[in-house]
Amino acid sequence: MVEDFRGKAALVTGAGSGIGEACARRLAAGGARVVVADLNASAAEEVARSLPGELGLPYTADVTDPVQVEAMVKFVVERCGRLDIAVNNAGIGGEIARTGEYAIDAWKRVIDVNLNSVFYCMRHEIPAMLANGGGSIVNMASILGSVGFAFSPAYVAAKHGVVGLTKNAALEYAESGIRVNSVGPAFIATPLLAGLEPQVLEQVKQSHPVKRLGKADEVAALVCFLASDDASFITGSYHLVDGGYTAQ
């Protein structure tokens with residue numbers, strides 16, 4: 001069952017592919033007007049154009065730039081009249097190396113894309129939501145927001161940071177009608193995994209008790225539930241979509 005988002009305006013970052021695209025499609029299926037934001041302009045335009053009922057609006061932005069993020073949120077409010085739902089999903093994988101060998105520039109890039117951008121987005125989304133009496137923010141964390149993963153120190157640190165930032169904002173704005181939650185997917189079949197060697201990909205699949213990768217639609221289902229009014233008593237929470245990965 002798709003949630004009812006009629007009359008609501010949503011912003012999804014990293015919506016040109018993968019989990020972000022799946023979230024944008026499900027929000028639009030529920031009747032929301034969706035700003036499809038991505039660094040890749042053609043991907044954002046393609047997804048937005050394909051949403052039903054002309055509900056999609058493409059927007060190109062680099063979410064590591066707070067000036068561009070501010071402009072993005074202003075665009076949502078100007079074109080849609082309000083901001084009710086934000087899915088802060090943009091992210092990268094980053095370099096694979098041990099902590100003592102990790103390149104400083106690579107560290108900064110991962111933290112900037114995967115953590116700083118979430119703060120920049122919330123910094124401007126929250127005032128916009130306060131202006132219309134509340135809203136729902138869902139931040140894309142990872143299973144690596146709760147466990148370690150060798151050779152990925154920057155990614156693990158960033159995703160732990162997203163979980164903490166989510167909890168903090170949830171406490172600050174609970175009485176103002178803004179709910180803030182995070183979602184922790186395991187390994188999902190998205191372009192982020194497309195470059196893996198077949199044998200490595202098989203090992204990744206086998207690392208889940210369910211013995212497969214997750215699907216973007218499975219993550220979007222949880223994200224959109226959390227964004228919906230059906231989750232009205234859920235805030236400050238971190239929800240896993242991991243095929244049993246963290247239960248091991």
Side-chain angles (χ1 to χ4, degrees), residues 1-16 18-38 44 47-48 51-59 61 63 69-70 72-91 117-141 162 165-166 169-170 172-174 176-183 185 216-239 241:
M1 183 182 73
V2 176
E3 297 79 7
D4 185 358
F5 295 118
R6 287 173 294 181
K8 295 191 175 183
L11 167 65
V12 183
T13 67
I19 293 171
E21 178 182 354
C23 290
R25 293 191 182 284
R26 190 175 180 100
L27 286 163
R33 197 166 191 202
V34 184
V35 173
V36 178
D38 202 280
V47 172
L51 296 184
E54 299 184 347
L55 290 172
L57 291 169
Y59 193 87
V63 291
V69 170
E70 182 179 15
M72 175 178 69
V73 175
K74 285 184 177 179
F75 174 85
V76 179
V77 175
E78 288 171 359
R79 293 295 300 272
C80 302
R82 57 192 294 122
L83 175 61
D84 301 287
I85 297 165
V87 180
N88 298 319
N89 165 76
S117 73
V118 176
F119 166 70
Y120 300 150
C121 285
M122 288 203 296
R123 171 63 182 81
H124 296 290
E125 292 160 355
I126 288 169
M129 290 180 176
L130 289 174
N132 52 255
S136 177
I137 297 173
V138 182
N139 295 322
M140 196 59 62
V162 168
L165 184 60
T166 297
E172 293 166 348
Y173 294 97
S176 300
I178 297 177
R179 297 183 298 103
V180 191
N181 292 289
S182 59
V183 168
D217 287 342
E218 292 173 316
V219 182
L222 177 56
V223 169
C224 291
F225 166 71
L226 292 171
S228 76
D229 293 339
D230 289 337
S232 57
F233 199 58
I234 302 175
T235 193
S237 297
Y238 166 53
H239 302 265
V241 192

(request) Could you tell me whether the side chain of V77 reaches within less than 4.5 Å of the side chain of K74, counting heavy atoms only? (result) no
(request) Can you see which heavy atom on T166 is nearest to which on S237, and at what distance? (result) CG2-O, 4.4 Å
(message) Any side-chain to backbone donor/acceptor pair from S136 onto L226? Under 3.5 Å, distance only.
(response) yes
(request) Determine the minimum heavy-atom distance between L27 and A10, stating which atoms define it. (result) CD1-CB, 3.9 Å
(request) Using the side chain to side chain contact (heavy atoms under 4.5 Å, CB included) rule, take F225 and I234 through it: C-alpha gap first, then chi angles, then the decisive distance, then the call. (result) CA-CA 10 Å; F225 166 71; I234 302 175; 3.8 Å; yes
(request) Please determine which of L222, V183, I85, V12 meets the side-chain contact (heavy atoms from CB on, under 4.5 Å) test together with V138. (result) V183
(request) Mind checking the OG-CG spacing from S228 to D84? Nearest 0.5 Å is all I need. (result) 12.5 Å
(message) Tell me every residue that passes side-chain contact (heavy atoms from CB on, under 4.5 Å) with D217, counting only those two or more places apart in sequence or in another chain.
(response) A22
(message) Is there a side chain to side chain contact (heavy atoms under 4.5 Å, CB included) between T13 and S117? Walk through the geometry before answering.
(response) CA-CA 10 Å; T13 67; S117 73; over 6 Å; no
(request) Looking only at non-hydrogen atoms, find the nearest pair between V63 and Y120 and report the distance. (result) O-CD1, 3.5 Å
(request) Look at the side chain of N139 and the backbone N and O of S182, then say whether any donor-acceptor pair between them is shorter than 3.5 Å. (result) no
(request) Enter the distance from Y173:OH to I137:CD1 here, rounded to the nearest 0.5 Å. (result) 9.0 Å
(request) Kindly compute the distance separating CG (D229) from CZ (F5), expressed to the nearest 0.5 Å. (result) 8.0 Å
(message) On a heavy-atom basis, which atom in P185 and which in A141 lie closest, and how many Å separate them?
(response) CD-O, 3.8 Å
(request) Might you point out which heavy atoms bring V36 and A15 nearest each other, and give the distance in Å? (result) CG1-CB, 3.5 Å
(request) Kindly write out the residues that satisfy side-chain contact (heavy atoms from CB on, under 4.5 Å) with A170, not counting sequence neighbours, or none if the list is empty. (result) V180, T235
Contacts under 3.5 angstrom, residues 122-130 side chains, donor-acceptor by atom type, not counting sequence neighbours:
| from | atom 1 | to | atom 2 | distance (Å) |
| --- | --- | --- | --- | --- |
| E125 | OE1 | N88 | ND2 | 3.0 |

(message) Could you check whether any side-chain heavy atom of C121 comes within less than 4.5 Å of a side-chain heavy atom of L11, counting everything from C-beta outward?
(response) no
(request) List the atom of A28, the atom of L51, and the distance in Å for their closest heavy-atom pair. (result) CB-CD1, 4.0 Å
(message) Please check: side-chain N/O of N89 versus main-chain N/O of G14, any donor-acceptor pairing under 3.5 Å?
(response) yes
(message) Check whether R33 reaches the backbone of R79 with its side chain - one donor and one acceptor, N or O, closer than 3.5 Å.
(response) yes
